[in-house]
Engineer: 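First, the structure itself, so that you have it in front of you.
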Protein chains: 2
Amino acid sequence: MPAQSTRELIVEQADALFYESGFEATSFADIAAAVGISRGNFYHHFKTKDDILDAVIARRMERTRAMLDGWQAEGEGPRERIQSFIHMLIANRSRIMDFGCPVGTLCSELAKLDHAAQGRATEIFGLFRDWLAEQIRALGAVDQAETLALHLLAWSQGVAVMATAFKDEAFIRNEVAGIERWLASLPDLSQPK
Amino acid sequence: MPAQSTRELIVEQADALFYESGFEATSFADIAAAVGISRGNFYHHFKTKDDILDAVIARRMERTRAMLDGWQAEGEGPRERIQSFIHMLIANRSRIMDFGCPVGTLCSELAKLDHAAQGRATEIFGLFRDWLAEQIRALGAVDQAETLALHLLAWSQGVAVMATAFKDEAFIRNEVAGIERWLASLPDLSQPK
DNA sequence: ACAGAATTAGGACAATCGTCCTAATTCTCA
DNA sequence: TGAGAATTAGGACGATTGTCCTAATTCTGT
């Protein structure tokens with residue numbers, strides 16, 4: 001297999017550090033130490049810190065797309081696919097309690113920094129919104145699809161924020177159960193084959 | 001009326017800056033410029049930046065307590081009091097779309113910084129949780145009070161995060177309408193006088 | 001009015017920030 | 001194998017960071 005390029009290593013480590021420490025609090029020196037290269041070497045791969053941020057956001061976009069495509073290809077129905085989305089809260093509960101949601105916390109930080117990449121970060125949310133809306137549309141709720149998708153997204157974000165604040169795993173499980181009941185209560189209006 | 005002390009001015013401006021730019025991204029110089037004093041003068045009032053953060057959190061605790069007490073004293077029922085809480089999302093929608101929720105974003109940032117004040121910041125959420133639980137208990141839902149309070153808190157946090165990301169006022173109004181329907185659906189099991 | 005306390009301004013301090021340059025090394029491929 | 005490109009390490013750069021000191025000023029109470 002081909003070895004990971006230095007550039008990919010930088011983006012990978014920066015991604016993790018931006019998530020765990022925040023964009024502003026992560027320095028070039030931190031990333032260099034994580035990758036194991038010298039600080040000066042950075043400039044050859046990325047001109048500015050904002051360039052790294054752009055690459056990190058692009059990476060997250062790609063990986064999010066791949067994840068959503070994966071769920072799409074598993075062959076089950078829209079209800080099961082939405083379940084995959086909800087289950088992220090359980091699967092990633094430990095890191096969520098430590099660092100929150102990677103997307104939500106990045107968007108919030110960039111908003112405060114009034115950063116130019118804010119819109120690009122929000123596009124990751126856009127991927128989830130559109131994918132969820134597609135699943136809900138497949139359930140037959142065509143006109144409400146986007147509204148319900150945003151609602152589900154907001155709910156999961158709220159769970160992430162509160163889980164980070166209170167470090168309460170039982171709360172996460174409680175809310176996930178609530179989301180699942182909500183999902184089950186959505187009527188399937190789609191035409192049977 | 002007594003003039004505001006320099007110390008109070010510092011805390012007030014730091015509070016606003018921490019909200020609008022984040023704790024990490026706000027420097028002593030920023031606060032000094034906002035207050036209109038010299039940088040060196042800071043040391044007389046606060047030894048470290050963390051001391052300012054502590055004072056800001058204490059200020060937010062006080063003001064939150066005062067706000068909740070105010071709602072409590074307005075003499076209406078628990079349902080109307082919870083309405084006051086929900087209405088914050090509408091009243092502060094402009095600043096929420098710009099900077100998110102002051103409590104949620106601070107807790108998330110401090111979690112990433114692994115900051116010692118994290119627990120103190122979470123206590124502000126605790127004030128809301130306990131107050132909301134008290135209102136829900138007054139509706140007669142005694143055993144579910146804390147769970148429902150956390151759910152409502154999480155819901156509002158989710159709305160704040162998504163509103164900041166998408167800058168969508170219609171979304172806020174939609175979700176607030178949803179929260180109000182949810183509130184209306186809570187049965188009043190309390191004993192009539 | 002005056003001594004002592006409180007408050008202030010200005011700047012020094014080492015450390016770190018993001019950025020950028022240069023020279024050495026490694027890689028690529030004709 | 002050897003020329004040219006790609007990549008690297010190391011450090012310089014000015015600006016800014018949080019922290020801290022000192023000397024001047026303002027305030028306070030008698």
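Here is how names work: the chains are called A, B, and so on, in the same order as the sequence lines, proteins then strands, and each is numbered from 1.
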Engineer: How close or far is atom P of D:dC13 from atom CZ of A:R39, stated in whole angstroms?
Structural biologist: 15 Å

Engineer: Would you mind telling me which residue lines up with the more 5' stretch of DNA chain D, B:K47 or B:A29, judged by nearest nucleotide?
Structural biologist: B:A29

Engineer: Nearest to the side chain of A:H44, which nucleotide is it out of D:dA6, C:dA9, D:dA9?
Structural biologist: D:dA6

Engineer: Provide, to the nearest angstrom, the distance between the CG atom belonging to B:L113 and the P atom belonging to D:dG18.
Structural biologist: 13 Å

Engineer: Atom CZ of A:F46 to atom C1' of C:dC20: distance rounded to whole Å?
Structural biologist: 17 Å

Engineer: Working to the nearest 0.5 angstrom, can you tell me the gap between B:F128 CZ and B:M88 CE?
Structural biologist: 4.0 Å

Engineer: Is it true that A:Q135 and A:W71 share a donor-acceptor pair across their side chains at a distance under 3.5 Å?
Structural biologist: no

Engineer: How many Å lie between CG on B:D50 and P on D:dT17, as a whole number?
Structural biologist: 16 Å

Engineer: Could A:R95 and A:E20 be called an ion pair, given the rule that one side-chain N must be under 4.0 Å from one carboxylate O?
Structural biologist: yes

Engineer: Please work out which of the three classes, parallel, tilted or perpendicular, describes the rings of B:H115 and B:F23, given edges at 30° and 60°.
Structural biologist: perpendicular

Engineer: For A:F23 and B:G36, find the nucleotide of DNA chain C closest to each by heavy atoms; which residue's nucleotide sits nearer the 5' end?
Structural biologist: B:G36

Engineer: Any side-chain N or O of B:Y43 below 4.0 angstrom from OP1/OP2 of D:dC20?
Structural biologist: yes

Engineer: Quick one: is A:N41 getting a side-chain N or O under 4.0 Å of the D:dT7 phosphate, OP1 or OP2?
Structural biologist: no

Engineer: Whether B:H45 contacts C:dT8 is assessed here as follows: a side-chain N or O lying under 4.0 Å from the phosphate OP1 or OP2. Is that the case?
Structural biologist: yes

Engineer: Expressed as a whole number of angstroms, how long is the span from B:F28:CZ to D:dT16:C1'?
Structural biologist: 13 Å

Engineer: Quick check on C:dT7: is either OP1 or OP2 less than 4.0 Å from any side-chain nitrogen or oxygen of B:T6?
Structural biologist: no

Engineer: Report yes or no: do B:Q83 and B:E76 form a side-chain donor-acceptor pair below 3.5 Å?
Structural biologist: no

Engineer: Counting heavy atoms from C-beta on, name the nucleotide in C:dG18, D:dG18, C:dA9 closest to the side chain of B:S38.
Structural biologist: C:dA9

Engineer: Between P on D:dC20 and CG on B:D51, what's the gap in Å once rounded to a whole number?
Structural biologist: 10 Å

Engineer: How many whole angstroms separate atom CZ of B:F42 from atom P of D:dG18?
Structural biologist: 10 Å

Engineer: Separation of A:I37 atom CD1 from D:dG11 atom P, in whole Å?
Structural biologist: 16 Å

Engineer: Does a side-chain N or O from A:S27 land closer than 4.0 Å to OP1 or OP2 of C:dC17, or not?
Structural biologist: yes

